[in-house]
Amino acid sequence: MNYNTLTPPRPTNKRSGVFRRDWITLGCAALTVTLWASAFAGIRVGLADFSPTSIALLRYLVASLVLLIYAAITRMPLPSLRDMPGIAAMGFLGFSAYNVLLNAGQIGVSAGVASFIISTEIILTALLAARLANDRLTRWGWAGVLVSLVGVGIISAARETGLRLDLGVLLIVAAAVVKASYSVGQKRYLTVYGALRFATYAIWCGTLFMLVFTPGLVHDLQSASLNSVLAVVYLGVFPGAIGYIAWSFVLSRMPASVAATFLYFAPFLATLIAWMWVGEVPSAFVFVGGALIVAGVVVVSRKGKRA
């Protein structure tokens with residue numbers, strides 16, 4: 001996910017149908033965030049029959065196929081050869097490493113908890129940018145970081161199973177770090193290719209790296225239930241491909257700062273969807289810690305950087 005604007009919003013007025021177009025844009029933004037939020041529950045369903053690596057490969061084989069069809073219809077040009085090493089590295093970080101770590105972490109961590117921890121990616125991105133680009137955080141920014149860390153501590157150390165900090169939580173934290181590295185590294189390419197084209201190239205590259213997991217996927221498919229297969233296919237078609245297409249549409253018609261506010265609701269939506277889809281009932285600690293995480297993310301996003 002990124003919040004970069006592809007093109008400036010189109011000037012509109014009442015007579016040209018501004019309200020209709022605004023509602024379409026808002027609807028696409030809400031749809032995209034809902035699709036991305038649903039991925040956490042979908043992963044939990046897929047883990048019933050697939051390994052973490054098999055889910056990652058099957059999901060992005062499907063997503064790559066959908067994006068290939070879209071690229072062919074829209075005649076999407078290929079990237080420059082000189083940019084391919086960097087794009088490949090971003091694909092490995094943002095899709096191969098991130099998804100394997102997240103899937104592995106969710107073996108023992110609920111979808112709601114995982115979604116709240118992953119939301120700290122925005123804070124980690126700000127910290128990496130401060131380190132690499134001398135983009136210093138304000139006092140408000142550091143306060144937001146502290147609040148989010150307290151939230152992570154609450155939901156990871158006081159879960160439904162009692163006080164413990166397990167490997168699953170650490171793997172999801174690692175996934176958030178990897179995703180933040182991808183978010184920082186992609187910025188130089190977004191100005192050249194735009195959000196959707198770059199994401200498409202990165203997904204294709206990330207899928208190529210994951211082909212090493214093909215034997216495991218073939219093995220898992222032989223005994224997987226239809227429910228698990230459909231869940232992973234859903235992950236590829238909707239959160240994995242259509243989500244990026246819809247988000248690029250939103251960014252082309254809405255300021256990135258406005259679009260980003262929708263993402264603050266993603267962890268809460270993920271928790272609700274997990275409750276409805278897989279029956280995961282969150283504890284009070286999840287909501288308290290999650291609220292602190294999101295509050296910290298909002299503070300860092302809005303007031304964290306020096307003007």
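Because the structure is a prediction, the values reported are computed rather than measured. When a residue number appears, it is its place in the shown sequence, counting from 1.
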Q: Apply side chain to side chain contact (heavy atoms under 4.5 Å, CB included) to S80 and Y193, showing your working.
A: CA-CA 10 Å; S80 169; Y193 298 109; 3.5 Å; yes
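- Around CZ of F262, the count of heavy atoms belonging to other residues, nucleotides or ligands within 6.0 Å exceeds 12.
- Using a distance-only test at 3.5 Å, with no hydrogens or angles considered, a donor-acceptor pair links the side chain of E280 to the main chain of A111.
- Here the two rings, on Y201 and Y189, have centers that are 6.0 Å apart or farther.
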Q: Check the pair L128 / V177 against side chain to side chain contact (heavy atoms under 4.5 Å, CB included), numbers first and verdict last.
A: CA-CA 9 Å; L128 283 174; V177 172; 5.6 Å; no
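- Two rings, from F95 and W204, have their centers 6.0 Å or more apart.
- If you take CG on L196 and OH on Y244, they are separated by 10.5 Å, rounding to the nearest 0.5 Å.
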Q: Please lay out, stage by stage, how F50 and N103 fare under the test side chain to side chain contact (heavy atoms under 4.5 Å, CB included).
A: CA-CA 10 Å; F50 292 98; N103 296 347; over 6 Å; no
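- Using modelled atom types and a 3.5 Å distance limit, the side chains of Y234 and S38 yield a donor-acceptor pair.
- Remark: I118 CD1 to T120 OG1 distance equals 6.5 Å, nearest 0.5 Å.
- Using modelled atom types, no side-chain atom of S228 and backbone atom of A224 make a donor-acceptor pair closer than 3.5 Å.
- Although no hydrogens or angles enter the test, the distance criterion places a donor-acceptor pair under 3.5 Å between the side chain of W36 and the main chain of P239.
- Checked by atom type and distance alone, the side chain of S96 pairs as donor or acceptor with a backbone atom of G206 at under 3.5 Å.
- Of the possible donor and acceptor atoms, one in the side chain of R44 sits under 3.5 Å from a partner among the backbone N and O of Q106.
- S183 places no side-chain N or O within donor-acceptor distance of the main-chain N or O of T125, the cut-off being under 3.5 Å.
- To the nearest 0.5 Å, atoms CE (M210) and CG (L58) are separated by 10.0 Å.
- Cation-pi geometry between K187 and F198 is not met: the NZ or CZ atom fails to fall both under 6.0 Å from the ring centre and inside 45° of the normal.
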Q: Determine, step by step, whether L217 and L61 satisfy the side chain to side chain contact (heavy atoms under 4.5 Å, CB included) criterion, reporting the C-alpha distance in whole Å, the side-chain angles of both residues, the deciding distance to 0.1 Å, and the verdict.
A: CA-CA 11 Å; L217 174 59; L61 281 173; 4.1 Å; yes
